[in-house]
There are 2 protein chains.
Amino acid sequence: MTGQVRTVDGRVAGRRGQATRQKLLDCLSEMLSSSPYRDVKVIDVARRAGTSPATFYQYFPDVEGAVLEIADRMAADGSALTALVEGRSWAGKAGWQTAQELVDGFLEFWKKNDAILRVIDLGAAEGDKRFARIRAKILNSVNSSLADSVAELQSKGRVDKDLSPAAIAGSLVAMLAAVASHQKGASAWGVKQAELRPSLAVLVHLGITGRKPTR
Amino acid sequence: MTGQVRTVDGRVAGRRGQATRQKLLDCLSEMLSSSPYRDVKVIDVARRAGTSPATFYQYFPDVEGAVLEIADRMAADGSALTALVEGRSWAGKAGWQTAQELVDGFLEFWKKNDAILRVIDLGAAEGDKRFARIRAKILNSVNSSLADSVAELQSKGRVDKDLSPAAIAGSLVAMLAAVASHQKGASAWGVKQAELRPSLAVLVHLGITGRKPTR
DNA sequence: CACTTGTCCTGTCATGCCGTCAGCTTACCG
DNA sequence: CGGTAAGCTGACGGCATGACAGGACAAGTG
């Protein structure tokens, strides 16, 4: 599946080359965490990696290209989110449990990858299809599974039948992503971190099942 | 309240100066809509405004400074969102009406100002307090009003009392903002635009009142 | 061991944007 | 009409970008 790693000018990268390439990606990741996306410069990344700008351009067309690579890898890793919803029950106490674990997993994942996720979100919002695809890949793993649950509860008459399951699931997932990406600044709008988790869990449970959770 | 407009080097701006300044802001706004934030350069803005980069730096410290100015004005304008929730009822059919109009107003506002709102969101997520404050200013107008409604319904026993009203309201508002900022790309994750509105309205109504809307 | 081959890195260069300054032009006012 | 402050820009040093050719290095070959 993963073809050979290639440089911009078409050579195949060997062991040493892949190591520097990886180091550049790592340093770029750190830079994204510590400074605004707009101010991340190739020369800074190269310096931090102990190499020169020319080397960077041998492996990536530009900063955006490298960011896409990081995002792609994280997207693959992000399929771990699927485990949070796949095969879970939304009935009774188990449903409350499911909602809580989904929220926790989401916040955790976002906290761990906040820098790159910010950039993906921006790219997608700006209309860049490559970023939009990656964002969809990450969220869809949760999204489609939630949509299935909604559709199932619809057939039992618990949820309004003329609503689109995908739209409900998508909105809830977007909510989780949005809150997660601003969780650091939550206190700025007068909410304590600890209050966020239960509230989100209740909202998710309400949205999926149409009922308040039984704890 | 609004002090005199001043240039970077301390002069007071006269009629002509304020016009140029405004033109620069307008052009920057257009640039933000048409190209990625990362690629917006001072020289492009200046060229489009029919002036020189040096002039830009006379009125703004840098691109970010000008963006903050645009954001600030929009935040003032954005208090129009307050009208969507202030003094509205969440009971019965009126409640469903309120939810729908809130969603509509939100999506509309976002569609009109998507470019600048994207940048504000990014800045806030990156931890810049100036952007966070502006974002809070926009969202708080809706947020606090919603929180009041939740608190009121809590006292009637309709909503769980150990949940933070501010956290619930904040999460719902974050959802609206997130979906709004990705509404163009909604089809990418398999949802039609038209399906979004009712789903969001239902979720908001559920979150605030704890009950499905009666239509 | 010298030689070859192909990968890997960097010095260097042209180009273009950044951010600042001195200085020129324009408008206003007594 | 002269003085004063506002308004604008040309020009400049500095730095990032992106391309290239060539040197360093490791591994295989006779």
Side-chain angles (χ1 to χ4, degrees), chain A residues 2-32 34-70 119 123 128, chain B residues 2-28 30-32 34-70 119 123:
Chain A
T2 3
Q4 278 176 314
V5 181
R6 287 185 172 274
T7 58
V8 169
D9 56 341
R11 291 194 222 275
V12 276
R15 233 186 44 252
R16 197 150 74 101
Q18 293 197 23
T20 29
R21 198 183 129 99
Q22 186 56 48
K23 183 156 200 176
L24 284 168
L25 286 177
D26 293 344
C27 292
L28 174 54
S29 270
E30 293 172 29
M31 297 288 309
L32 286 176
S34 60
S35 41
Y37 181 44
R38 201 168 194 285
D39 299 341
V40 172
K41 307 288 178 195
V42 168
I43 196 168
D44 297 322
V45 177
R47 261 203 282 266
R48 181 184 280 243
T51 179
S52 77
T55 302
F56 182 95
Y57 286 107
Q58 195 152 45
Y59 293 107
F60 310 102
D62 49 23
V63 171
E64 206 187 60
V67 165
L68 275 168
E69 172 100 16
I70 297 177
V119 179
D128 188 311
Chain B
T2 5
Q4 277 177 315
V5 182
R6 286 187 174 273
T7 59
V8 170
D9 56 342
R11 288 196 235 273
V12 277
R15 237 187 37 253
R16 194 149 76 105
Q18 293 197 22
T20 327
R21 200 183 128 97
Q22 187 56 47
K23 184 158 200 177
L24 284 168
L25 286 177
D26 293 344
C27 292
L28 174 54
E30 294 172 29
M31 298 286 311
L32 286 176
S34 61
S35 40
Y37 182 44
R38 201 169 193 284
D39 299 341
V40 172
K41 309 288 179 195
V42 169
I43 198 171
D44 297 323
V45 178
R47 263 204 280 265
R48 182 184 281 243
T51 178
S52 76
T55 301
F56 182 96
Y57 286 106
Q58 194 153 47
Y59 293 107
F60 309 103
D62 49 22
V63 171
E64 207 187 58
V67 165
L68 275 168
E69 172 100 15
I70 296 177
V119 179

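Chain letters run A, B, ... following the sequence lines, proteins first, then strands; residues in each count from 1. Remember, predicted model here, so these are calculated numbers, not experimental data.
Summarising the geometry, the separation between NZ on A:Lys41 and P on D:dG18 is reported as 11 Å, rounded to the nearest angstrom. As a whole-Å value, the separation of B:Ile43 CD1 from D:dT9 P is 13 Å. The CZ atom of A:Arg15 sits 16 Å away from the C1' atom of C:dC9 (whole-angstrom rounding). If you measure from atom CZ of B:Arg6 to atom P of D:dA5, you get 13 Å, rounded to the nearest angstrom. Between B:Gln18 atom CD and D:dA5 atom C1' the separation is 15 Å, expressed in whole Å. B:Asp39 places its CG atom 16 Å from the C1' atom of C:dC18, with the value rounded to the nearest Å. Separating the CD atom of B:Glu64 from the C1' atom of C:dG19 is a distance of 16 Å, rounded to the nearest angstrom. Whole-Å rounding puts the A:Arg48 CZ to D:dA16 P distance at 15 Å.
Between B:Leu32 and B:Val67, some side-chain heavy-atom pair lies under the 4.5 Å cut-off. A:Phe60 is not listed as a side-chain neighbour of A:Val42, based on a closest heavy-atom distance of 4.5 Å or more. Side-chain contact check for A:Glu64 versus A:Tyr37: some heavy-atom pair is nearer than 4.5 Å.
Among the atoms of the strands shown, only primed sugar atoms or phosphate atoms (P, OP1, OP2) are found under 4.0 Å from some heavy atom of A:Thr20.
Along DNA chain D, the nucleotide nearest B:Arg38 and the nucleotide nearest B:Gly10 are compared for position; the residue whose nucleotide lies closer to the 5' end is B:Gly10.
Across every non-hydrogen atom of B:Val63 and A:Arg38, the tightest pair is CG1-NH2, 3.7 Å.
Shown here are the side-chain hydrogen bond (donor to acceptor under 3.5 Å, both in side chains) partners of A:Gln58, two or more places apart in sequence or in another chain: there are none.
Using a 4.0 Å cutoff on non-hydrogen atoms, the parts of residues 50-62 of chain B near DNA chain D are B:Thr51, B:Ser52, B:Ala54, B:Thr55, B:Gln58, B:Tyr59, ordered by number.
At distances below 3.5 Å, at least one donor-acceptor pair connects side-chain atoms of B:Thr7 with backbone N or O atoms of B:Arg11.
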